[in-house]
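All remarks here apply to the structure that follows.
What you see below is based on every heavy atom in this structure, not just the backbone, and it leaves out hydrogens, waters and symmetry mates.
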Amino acid sequence: MRSGDDWPLAEIISVKEVQGQNFYYVHYVDYNKRLDEWVEEDRLDTRKVQYPRKDGQSSTGVSTPKKVTVNTAAATTSRPSSPVGPELVNGSAVLAAALHKRMARKRKVPPPVVEPVEPKTVVVTDTGPPPEVPSASPAPAPAHAPRITGSMVSHNDDEVTRMKNIEMIEIGMHRIRPWYFSPYPQELTNLPCIYICEFCLKYRKSRKCLERHLVKCNLRHPPGNEIYRNGTISFFEIDGRKNKVYAQNLCLLAKLFLDHKTLYYDTDPFLFYVMTDLDDRGFHIVGYFSKEKESNDDYNVACILTMPPYQRKGYGKLLIEFSYELSKFEGKTGSPEKPLSDLGLLSYRSYWAQTILDILITTKPTGDNEKPQITINEICEMTSIKKEDVIATLQKLNLINYYKGQYIITINRETVTQHMAAMAKRKIRIDPKCLHWTPKDWSKRAGW
C-alpha cells in the first residue's frame with residue numbers, strides 16, 4: 001500500500017489492459033473507498049490469492065481479513081517471498097480469467113472457457129508512485145434520474161459506480177484528485193483532467209475551453225441571494241428549481257467527494273446554501289449544504305461538503321453552525337439526514353459536543369439552587385439540536401449519571417480544560433447579526 005509497509009488485503013473490482021500491460025482496480029478491505037486505485041501487477045502478491053467459497057467465506061477461513069504486515073526488507077521487493085501453490089503458478093492469468101467470469105455472470109451469459117475461480121482478495125504493496133493511466137469509463141449519465149432522497153442513501157455498488165471515473169479536476173487555483181465516482185458525461189472520463197468554472201461550476205474538457213468560457217461567464221458569485229456576510233465569508237441561498245443547472249453541476253461536483261450521494265438531477269425540492277470566500281477575483285466556493293424545502297423528518301441538512309482544499313481549517317463546523325442558525329430562525333430543532341459520511345459524522349459529533357458543553361459550562365445557578373439546573377429540552381431550544389442528538393452526545397461524553405433517583409449531568413475539570421482548548425482553536429464563528437434571512441413556508445407555495 002502506498003506510503004507504508006503494510007500489505008493489506010484488497011478486493012479486485014476490475015481489470016484493464018493498457019499498452020499490453022494489465023492494471024487492476026483494487027478496493028482495500030476495511031479501508032474507505034477514497035483510497036481505491038489502479039495498480040500494476042507488481043504491486044499484487046498473486047501468490048496469496050484467497051478464493052471465496054459458496055457460503056461467502058474465503059478458502060482460508062477468513063471472512064473479513066485484516067492487515068497482513070511484512071518486514072521493511074520484504075516491502076522493498078516487488079513481491080514478498082511466499083510458498084507457491086500448484087494452482088497459482090500464473091497469477092495474472094488467474095485474475096484476468098476470474099474477472100471475465102465475474103462480469104459474464106453479471107450479464108447472465110455463459111462464462112469464457114477458462115476455469116479458475118474468482119479471486120476475492122489479494123495482498124497489495126507499493127513499489128513507487130502510481131502510473132498515470134486513464135480511468136475506466138462509466139456508463140453515460142441518464143437525462144433524468146429518479147428522485148430517491150435528498151442525499152446520502154446507499155446505492156447499488158455495481159462495478160461502474162464503485163470505481164473512480166475522473167482522474168483529476170481543476171477548479172480555480174486548485175487541482176484535486178477526486179475520491180469517488182460521479183456521473184459526468186462519458187466523453188470526459190478518459191481525460192487526464194477536467195476543468196470546472198469556480199463561479200458557475202460548468203465543466204470543460206480543456207483549459208483552452210475553460211478560458212473561452214471565462215470570457216463569456218459573467219458570474220463572480222453563486223447565482224442566488226447573499227443572505228450572510230461576515231468579513232470575507234458569505235453564504236448564498238440557491239433555489240434548486242430556479243437555478244437548476246447550477247444546482248445540478250454542484251451535485252456532480254459534490255459527488256466526487258461524497259460516497260453515498262444519489263441526488264443529481266431532481267433538484268427542485270431542495271435549497272442549496274453555498275459558503276464562499278471573497279477576494280479581488282470574486283467569491284470562491286468553500287463548501288455547501290443542501291436541505292429539503294419541506295422535510296417530514298425535521299432534517300435541516302441533506303448533503304454537506306467542505307471542498308478538500310479548505311478542509312481541516314474550521315469551515316466544516318462553520319457550515320454546520322450556519323445550518324443550525326437557520327433552524328433557530330425557523331424556531332425548529334433539526335438534524336442532518338442519515339447516514340452521514342465518515343468525515344461528516346466526525347464533524348457533527350465534534351460540533352454537538354462543543355456546543356452542548358459550552359452551554360453546560362456557562363450555565364449559572366438560579367435562585368436558591370447551589371448547582372446550575374438545565375433540562376434536555378432547554379438545551380434543544382437553545383441550540384436547535386434535536387433531542388435524540390443531544391442525548392446521544394451526552395451519553396458518548398459519559399456526562400449522564402444516575403444519582404439519588406434522578407439523572408444528573410456531571411462534568412470534571414479535565415473535560416472543561418479540553419473543551420476550552422478546543423474552543424480556542426475555532427477562530428471563525430457564525431455571527432447571527434450578519435444573517436439577513438426570512439424563512440419561507442414552502443407548504444403554502446404550490447409548486448415552489
| note | Tightest non-hydrogen contact, residues I166 and L256, listed as CG1-CD2, 4.0 Å

| task | Report the distance from atom NZ of K202 to atom CG of N249, rounding to the nearest 0.5 Å. | result | 8.0 Å

| field | Spacing of L360 atom CG and I411 atom CD1 [to the nearest 0.5 Å] | value | 4.5 Å

| With distance as the sole test, does T189 use its side chain to make a donor-acceptor pair with the main-chain N or O of P185 at under 3.5 Å? | no

| remark: Distance col, row S347:OG vs W352:CH2, nearest 0.5 angstrom, shows 11.0 Å

| note | By side chain to side chain contact (heavy atoms under 4.5 Å, CB included), I408 pairs with (sequence neighbours left out) N401, Y403, Q406, T410

| field | Sequence-distant partners of D358, salt bridge (charged side-chain N to carboxylate O under 4.0 Å, His left out), two or more places apart | value | none

| side chain to side chain contact (heavy atoms under 4.5 Å, CB included) involving N296 - partner list, sequence neighbours excluded | none

| message | Are the side chains of I430 and F235 in contact, using a 4.5 Å heavy-atom criterion? | response | yes

| Closest non-hydrogen atom pair between C209 and R204, with its separation | CB-CB, 3.9 Å

| Check: Y299 main-chain N/O paired with S335 side-chain donor or acceptor under 3.5 Å | no

| said: I'd like to know whether Y24 forms a side chain to side chain donor-acceptor pair (under 3.5 Å) with E40, so could you lay out the CA-CA distance, the side-chain angles of the two residues, the decisive distance to 0.1 Å, and finally the verdict. | reply: CA-CA 6 Å; Y24 302 90; E40 297 177 83; over 6 Å; no

| query | Looking at side-chain heavy atoms only, is the closest gap between W442 and E292 below 4.5 Å? | reply | no

Pairs under 3.5 angstrom only: tabulate donor-acceptor contacts from the side chains of residues 217-228 to other protein residues two or more places apart or in another chain.
unit_1 : atom_1 : unit_2 : atom_2 : d
E226   : OE1    : R229   : NH2    : 3.1
E226   : OE2    : R229   : NE     : 2.7
E226   : OE2    : R229   : NH2    : 3.2
E226   : OE2    : S234   : OG     : 2.7
Y228   : OH     : N230   : ND2    : 3.4
Y228   : OH     : D431   : N      : 3.0

| In chain order, what residues pass the side chain to side chain contact (heavy atoms under 4.5 Å, CB included) check against K208, with sequence neighbours excluded? | S206, E211, R212

| Around M423, counting heavy atoms of other residues, nucleotides and ligands shown, do more than 12 lie under 6.0 Å from its CE? | yes

| field | Pairwise side-chain contact, K16 with Q21, heavy-atom cut-off 4.5 Å (strictly under) | value | no

| Can a salt bridge be assigned to the pair E294 and K440 using a cut-off of 4.0 Å between side-chain N and carboxylate O? | no

| note | Heavy atoms of L319 and F289 approach each other most closely as O-CE2, 3.7 Å

| request: For H27, check ring pair (Phe, Tyr, Trp, His ring centres under 6.0 Å) against everything at least two apart and list the hits. | output: none

| Side chains of Q248 and L252 in contact at under 4.5 Å (non-hydrogen atoms) | no

| request: Please work out which of the three classes, parallel, tilted or perpendicular, describes the rings of F257 and W179, given edges at 30° and 60°. | output: perpendicular

| said: Please check: side-chain N/O of E378 versus main-chain N/O of T375, any donor-acceptor pairing under 3.5 Å? | reply: yes

| said: Between the side chains of R34 and D342, is the shortest nitrogen-to-carboxylate-oxygen separation below 4.0 Å, so that they form an ion pair? | reply: yes

| field | Rounded distance [0.5 Å steps], NE2 in H284 versus CZ in R281 | value | 4.0 Å

| said: Assess the residue pair K242 and D268 against the criterion (salt bridge (charged side-chain N to carboxylate O under 4.0 Å, His left out)); give the C-alpha distance rounded to whole Å, side-chain angles, the decisive distance to 0.1 Å, and a yes or no. | reply: CA-CA 8 Å; K242 294 180 180 177; D268 288 18; over 6 Å; no

| Contacts of type side-chain hydrogen bond (donor to acceptor under 3.5 Å, both in side chains), residue E187, not counting sequence neighbours | none

| said: Can you see whether Y180 engages N165 through a side-chain donor-acceptor pair at a distance of less than 3.5 angstrom? | reply: no

Distance-only check: which donor-acceptor pairs under 3.5 Å involve side-chain atoms of residues 269-278, not counting sequence neighbours?
unit_1 : atom_1 : unit_2 : atom_2 : d
Y273   : OH     : E237   : OE2    : 2.6
D277   : OD1    : T232   : OG1    : 2.8

| What residues form a side-chain hydrogen bond (donor to acceptor under 3.5 Å, both in side chains) with K317, not counting sequence neighbours? | S350

| query | Can a salt bridge be assigned to the pair E330 and K291 using a cut-off of 4.0 Å between side-chain N and carboxylate O? | reply | yes

| task | Check whether any side-chain heavy atom of V390 lies under 4.5 Å from a side-chain heavy atom of K387, and answer yes or no. | result | no

| task | Please examine the side chains of V26 and L44, heavy atoms only from C-beta on, and report whether any two atoms are closer than 4.5 Å. | result | yes

May I have the list of side-chain donor-acceptor pairs in residues 301-313 shorter than 3.5 Å, sequence neighbours left out?
unit_1 : atom_1 : unit_2 : atom_2 : d
Q311   : NE2    : T306   : O      : 2.8
K313   : NZ     : P309   : O      : 3.3

| request: Measure across N300 and S327 and return the closest heavy-atom pair with its distance rounded to 0.1 Å. | output: ND2-OG, 3.2 Å

| query | How long is the span from the NZ atom in K244 to the CZ atom in R241, to the nearest 0.5 Å? | reply | 8.5 Å

| said: On a heavy-atom basis, which atom in D389 and which in Y324 lie closest, and how many Å separate them? | reply: OD2-OH, 4.4 Å

| Which word best sums up how the rings of W437 and F329 line up, parallel for under 30°, tilted for 30 to 60°, or perpendicular for over 60°? | tilted

| remark: Hits for side-chain hydrogen bond (donor to acceptor under 3.5 Å, both in side chains) against N243, two or more places apart or cross-chain, chain-then-number order -> none

| field | Contact check, side chains of P183 and K255, non-hydrogen atoms, under 4.5 Å | value | yes

| message | With a 4.5 Å cut-off on side-chain heavy atoms, are I385 and I379 touching? | response | no

| said: Is it the case that over 12 heavy atoms from other parts of the model lie below 6.0 angstrom from the NZ atom of K205? | reply: no

| field | Expected output: side-chain T333 to main-chain S384 donor-acceptor under 3.5 Å | value | no

| Roughly how far apart are I285 CD1 and F236 CZ, rounded to 0.5 Å? | 11.0 Å

| remark: Residues M163 and F181: closest non-hydrogen pair is O-CB, 3.3 Å

| Are D36 and R162 within salt-bridge range, i.e. N to O under 4.0 Å? | no

| Does Y288 use its side chain to pair, donor to acceptor, with the backbone of C251 at less than 3.5 Å? | no

| query | When the aromatic ring centroids of F23 and W38 are compared, is their separation below 6.0 Å? | reply | no

| Listed partners of E170 passing side chain to side chain contact (heavy atoms under 4.5 Å, CB included), at least two apart | R175, C193, Y195, R207

| task | Inspect the contact between E325 and K328 and indicate whether a charged nitrogen and a carboxylate oxygen are less than 4.0 angstrom apart. | result | yes

| request: I would like to know whether L394 and I391 meet side-chain contact (heavy atoms from CB on, under 4.5 Å); could you show each step before the answer? | output: CA-CA 5 Å; L394 292 172; I391 295 173; 5.7 Å; no

